[in-house]
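A short worksheet on the structure shown next.
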Amino acid sequence: MKKSFLLEVYKKEGPLFTRGRGSFLWDEKGNKYLDLFPGWGVSILGHSHPRIVKVICNQAKKLIHLPNNLKHRYQELLAEELVKRSYKAKVFFANSGTEAVETAIKFSRLYGKGERFEIITMKNSFHGRTFASLSATGQKKYKLSFRPLLPKFQEAEFNDFKSLKKNFNKKTVGVIIELIQGEGGINVAEKDYIKDLYSFCKENDLLLIVDEIQTGMGRTGKLFCYQHYGIKPDIMLLSKGLGAGFPISAVLIREDIAGIMKPGLHASTFGGNPLATRIALEVLKVIEEENILLNVKKMSNYLFKKLFNFKEKFKVIRNIEGMGLMVGIKLRKEAYPFFLSALRRRLIINATHKNVLRIMPALNVKKEEIDLGLKILEEVFKEGC
Ligand SMILES: Cc1ncc(COP(=O)(O)O)c(C=O)c1O
């Protein structure tokens, strides 16, 4: 094997990929793979969507980057379009999910004025790999080697209101939550729990930070997952699908409290550059003009129905969980060998949290593509691992 010059933080599998289009990838030998987990939940419009390619080429020729002390059109426009579709907020742009989380945590510190600084987070949550977001992450395996971490995060049980209250004290300033835990193995928040949590945050002036980095941008059948729950976040975090493959993240902070973040307190060199923001504007347009949310609902119903049939058929499947096109197949066995078996058959899915297979296809995935994926998955389960 040829020596790799890469830091070995990723377990890389499969061939060398050279090209992608829609829900398919091709390797250097021309073999075609069905990708039902494009870009780790990022490539929501499939690979190299023609409108995204066009807008990248067009904007790259005009202006790629501009520092944040100068103005360009697209940053303001994107902020306005996001706010129009969510709630009254001020928007900060960065480049990755973890930076969005860091921004929310820094904002919480400002909001607490040095008197309140504790944040309640959830067991099995995932919020990123930099120090504050790692500290907020409720999974030991990611954190143990990096202690001491940032203090003042309290871990509550997910979907357990009593546990939330138990972790609350007069120093608590906020709660950070994924409404569907992604890396934690596809766990969906219950509606009643979120209702109680929301009222509790309001009663105690706690910032409700909703991490929609994986659930946002249509993944669950609504543009933002919180819209299923009849709540409004104080802070919403977006990334992954926002640029449909191009790095960008956004933090939406409730307008009436956002003013405490003053010039000089926070910044990002690349955040909200003309190229990234113009791409995200196009992503929003494509979602609407191509009726993507409707497709998510239709394909979700179809996929869940078929997977529940699989559950009846294959003992190894313990349960099917998720919402929209964020789907977890919970197994009674380790999931990674099933992922490898699918990959050998040229189907790309994901294994997470030890025994969960995760499917997060492009939101414009076609029924034939789902059928092909299910056919391969059936072979995988028949053969067993
Ligand atoms: C819910 C959630 N928050 C935060 C992150 C971190 O995002 P990034 O890897 O872009 O820093 C992720 C990444 O998977 C995520 O799923």
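In each ligand, atom 1 is the first atom listed, and ligand 1 is the first ligand listed.
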Taking only heavy atoms of [X] into account, list the atoms of ligand 1 that are under 4.0 Å away from them.
X	value
Gly128	6 (C)
Ile213	2 (C), 3 (N), 4 (C), 5 (C), 12 (C), 15 (C)
Thr98	6 (C), 7 (O), 8 (P), 11 (O)
Lys240	13 (C), 14 (O), 16 (O)

Quick check: does [X] get an N/O under 3.5 Å from an N/O on ligand 1?
X	answer
Val101	no
Asp211	yes
Glu178	no
Ser239	no

Checklist entry - Looking at atom 3 (N) of ligand 1, is any protein heavy atom nearer than 4.0 Å to it? => result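 When distances to the protein are checked, atom 3 (N) of ligand 1 has a heavy atom within 4.0 Å.
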Next on the checklist: One pair to check against side chain to side chain donor-acceptor pair (under 3.5 Å): His127 and Thr98. What are the steps and the verdict?
Outcome noted: CA-CA 6 Å; His127 298 293; Thr98 201; over 6 Å; no
Checklist entry - Hey, is Glu183 touching ligand 1 through its side chain, its backbone, both or neither, going by heavy atoms under 4.0 Å? => result side chain
Item to check | Option among Ile376, Leu372, Val327, Val365 that satisfies the side chain to side chain contact (heavy atoms under 4.5 Å, CB included) test with Leu36 | outcome: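 For Leu36, the side chain to side chain contact (heavy atoms under 4.5 Å, CB included) check succeeds only for Val365.
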Checklist entry - Do other residues, nucleotides or ligands put more than 12 heavy atoms under 6.0 Å from Lys90 NZ? => result no
Checklist entry - How is the hydrophobic cluster of Leu144 composed, in terms of its other members, when Ile, Leu, Val, Met, Phe, Trp and Tyr link through side-chain heavy atoms under 4.5 Å apart, directly or indirectly? => result none
Checklist entry - Which residue holds the protein heavy atom closest to atom 16 (O) of ligand 1, what is that atom called, and what is the gap in Å? => result Gln214 NE2, 2.7 Å
Next on the checklist: To check your reading of the model: name the closest protein heavy atom to atom 8 (P) of ligand 1, its residue, and the distance in Å.
Outcome noted: Gly97 N, 3.5 Å
Next on the checklist: Checking the side chain of Arg219 only, and the main-chain atoms of Leu325 only, is there a donor and an acceptor separated by less than 3.5 Å?
Outcome noted: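 Yes, Arg219 side chain to Leu325 backbone: donor-acceptor pair under 3.5 Å.
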Checklist entry - Where the side chain of Glu378 meets the backbone of Lys382, is there a donor-acceptor pair that is under 3.5 Å apart? => result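 Checking the backbone N and O of Lys382 against the side chain of Glu378, no donor-acceptor pair under 3.5 Å is found.
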Item to check | Phe24 six-ring face occupied by Lys32 cation (under 6.0 Å, within 45°) | outcome: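 Yes, Lys32 and Phe24 form such a contact.
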Item to check | Polar side chain donor-acceptor pair, Ser125 to Thr137, under 3.5 angstrom | outcome: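 The answer is no; no qualifying pair exists.
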